[in-house]
There are 2 protein chains.
Amino acid sequence: MSVRNIFYRSIKSRGLRLTAQRKAVIDCLVASKKPLSAEDIYLHVQRRGLGINLATVYRTLDTLVESGLAERVGMELHRAYYTLCRGRKHLHHFFCKGCGNSYDLPHCPVKERTTEDLIPEAFTVTSHRYEVYGYCGKCSS
Amino acid sequence: MSVRNIFYRSIKSRGLRLTAQRKAVIDCLVASKKPLSAEDIYLHVQRRGLGINLATVYRTLDTLVESGLAERVGMELHRAYYTLCRGRKHLHHFFCKGCGNSYDLPHCPVKERTTEDLIPEAFTVTSHRYEVYGYCGKCSS
DNA sequence: GAGTAAATGCGAATAATTTGCAAAAGGCGG
DNA sequence: CCGCCTTTTGCAAATTATTCGCATTTACTC
Ligand SMILES: [Mn+2]
Ligand SMILES: [Mn+2]
Ligand SMILES: [Zn+2]
Ligand SMILES: [Zn+2]
């Protein structure tokens, strides 16, 4: 079964309706190698000839995030980007300030700790961000 | 020399003018134990009787960040928070999505690891960002 | 195929942040 | 201390991403 269909089924298994717009947004994200903004998705879908409203894109993305199927990332410049959660693993990255490439980090600081250890009181953790910046081997010299 | 004066001097040494507004924003951030939003700063300054415009607060914060004197953090909450870069020690924070408060995290994932362990190759690490989001005790229930 | 609740489209509303421009103020030399 | 020049500020309006209300359409169940 294709990745796409796995997401389609996840939508239905949560009691949500599998609409043409939701399919289009998922297809877009499945096809993309990098996180996309709501507007990116809106334009991609339009280009494929399917009509979709920007508000619907936003609502669909919210739905995906709330369902645990997607993640919001890269809010650095006052704009959210979205990426599908494939499998169960999310990644953290090293960003090279020289060449702009990014590399996966081999660990997640949150997974390695218990919540009590991490936060003094009984807080609820919903997400986290961990990014390392610097220069890769090529750009260090 | 006080922390405050160190920042005042840093402003001047960069050829920037030390205005009453810039002093007020710096004082505010020096006095605060947690990152502040532009509006937080605007209100604090007003309360001290000094007039300041919100646009000026934003411009001052931009200036501080561009000069390497401050850092923008906590952007997942659809709003930027600012914290001064003090000496060489930095902190990481837990941001409550309910009330907007933030709390210091007791550990830094980078300090706890060697560079080789952290990054596969011989990369140079210059900075990092680590933030946890969720709900504090009051906002969890 | 009809009924019903959920989802969409549309336009208007928000909220944070930015910008243009005239007026005010910092820091320099005198 | 004075004036000059440039930077910075205040103000109001603009921008931008995102959200909302509501009428209409659609997916799914029976
Ligand atoms: Mn992680
Ligand atoms: Mn750290
Ligand atoms: Zn590089
Ligand atoms: Zn809270």
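Scanning for side chain to side chain donor-acceptor pair (under 3.5 Å) contacts around B/H93 gives B/D104, with sequence neighbours left out. With sequence neighbours excluded, no residue satisfies ring pair (Phe, Tyr, Trp, His ring centres under 6.0 Å) with A/Y42. Contacts of B/R9 classified as salt bridge (Lys or Arg N to Asp or Glu O under 4.0 Å), with partners at least two apart in sequence or in another chain: none. Under the side chain to side chain donor-acceptor pair (under 3.5 Å) criterion, A/S32 pairs with no residue at all, not counting sequence neighbours.
When each of B/A38 and A/T60 is assigned the nucleotide of DNA chain C with its nearest heavy atom, A/T60 is the one assigned upstream, toward the 5' end.
With A/T126 contributing its side chain and B/Y133 its backbone, the two residues share a donor-acceptor pair below 3.5 Å.
The stretch residues 37-58 of chain A participates, sequence neighbours left out, in these salt bridge (charged side-chain N to carboxylate O under 4.0 Å, His left out) pairs: A/E39-A/R79. Residue pairs that meet the side-chain hydrogen bond (donor to acceptor under 3.5 Å, both in side chains) test with at least one member in residues 12-25 of chain B, sequence neighbours left out, do not exist here.
Of all the residues in residues 15-29 of chain A, A/L16, A/R17, A/T19, A/Q21, A/R22 reach under 4.0 Å from DNA chain C with at least one non-hydrogen atom.
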Check residues 51-64 of chain B and write down every donor-acceptor pair under 3.5 Å in which the side-chain atom is one partner and the other belongs to a residue at least two apart or another chain.
residue, atom, partner, partner atom, Å
B/N53, OD1, B/A55, N, 2.9
B/T60, OG1, B/T56, O, 2.8
B/T63, OG1, B/R59, O, 2.9

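Going from atom CD of A/E66 over to atom P of C/dA7 covers 11 Å, rounded to whole Å. In this structure, B/D40 atom CG and C/dA16 atom P are separated by 11 Å, rounded to whole Å. In this structure, A/L61 atom CG and D/dA17 atom C1' are separated by 13 Å, rounded to whole Å. Taking atom CD1 of residue B/I52 and atom P of nucleotide C/dA24, one finds them 18 Å apart after rounding to whole Å. Nucleotide C/dT17 holds its P atom 11 Å from the CD1 atom of B/I41, rounded to whole Å. As rounded to whole Å, 11 Å separates atom P of C/dG27 from atom CD1 of B/I11. Computed from coordinates, the A/Y8 OH to D/dA27 P distance equals 13 Å when rounded to whole Å. Atom-to-atom, CZ of B/R79 to C1' of D/dA17 comes out at 15 Å; the value is rounded to the nearest Å.
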If you write DNA chain D from 5' to 3' in dot-bracket form, with Watson-Crick or G-U pairs under 3.5 Å, [ ] for crossing pairs and | for pairs with another strand, what do you get?
-> ||||||||||||||||||||||||||||||
Dump every N/O contact between nucleotides 19-22 of chain C and the protein below 3.5 Å, one line per pair.
residue, atom, partner, partner atom, Å
C/dG20, O6, B/R59, NH1, 3.3

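Cluster note: A/V73 groups with A/Y81 through ILVMFWY side-chain heavy atoms spaced under 4.5 Å, whether in direct contact or through intervening members. Membership of the apolar cluster around A/M1 extends to A/I6, as traced through chained side-chain contacts below 4.5 Å between ILVMFWY residues.
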May I have the step-by-step check of ring pair (Phe, Tyr, Trp, His ring centres under 6.0 Å) for A/F123 and B/Y135, ending in yes or no?
-> CA-CA 6 Å; A/F123 288 10; B/Y135 296 92; over 10 Å; no
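Of the candidates D/dT9, D/dC28, C/dT17, C/dT17 carries the atom nearest the B/L54 side chain, counting heavy atoms from C-beta on.
At the phosphate of C/dT18, neither OP1 nor OP2 sits under 4.0 Å from any side-chain N or O atom of B/Y58. Considering only side-chain N and O atoms, A/K12 lies under 4.0 angstrom from the phosphate OP1 or OP2 of D/dC28.
Taking the ring centroids of A/H107 and A/H92, they lie at or beyond the 6.0 Å cut-off.
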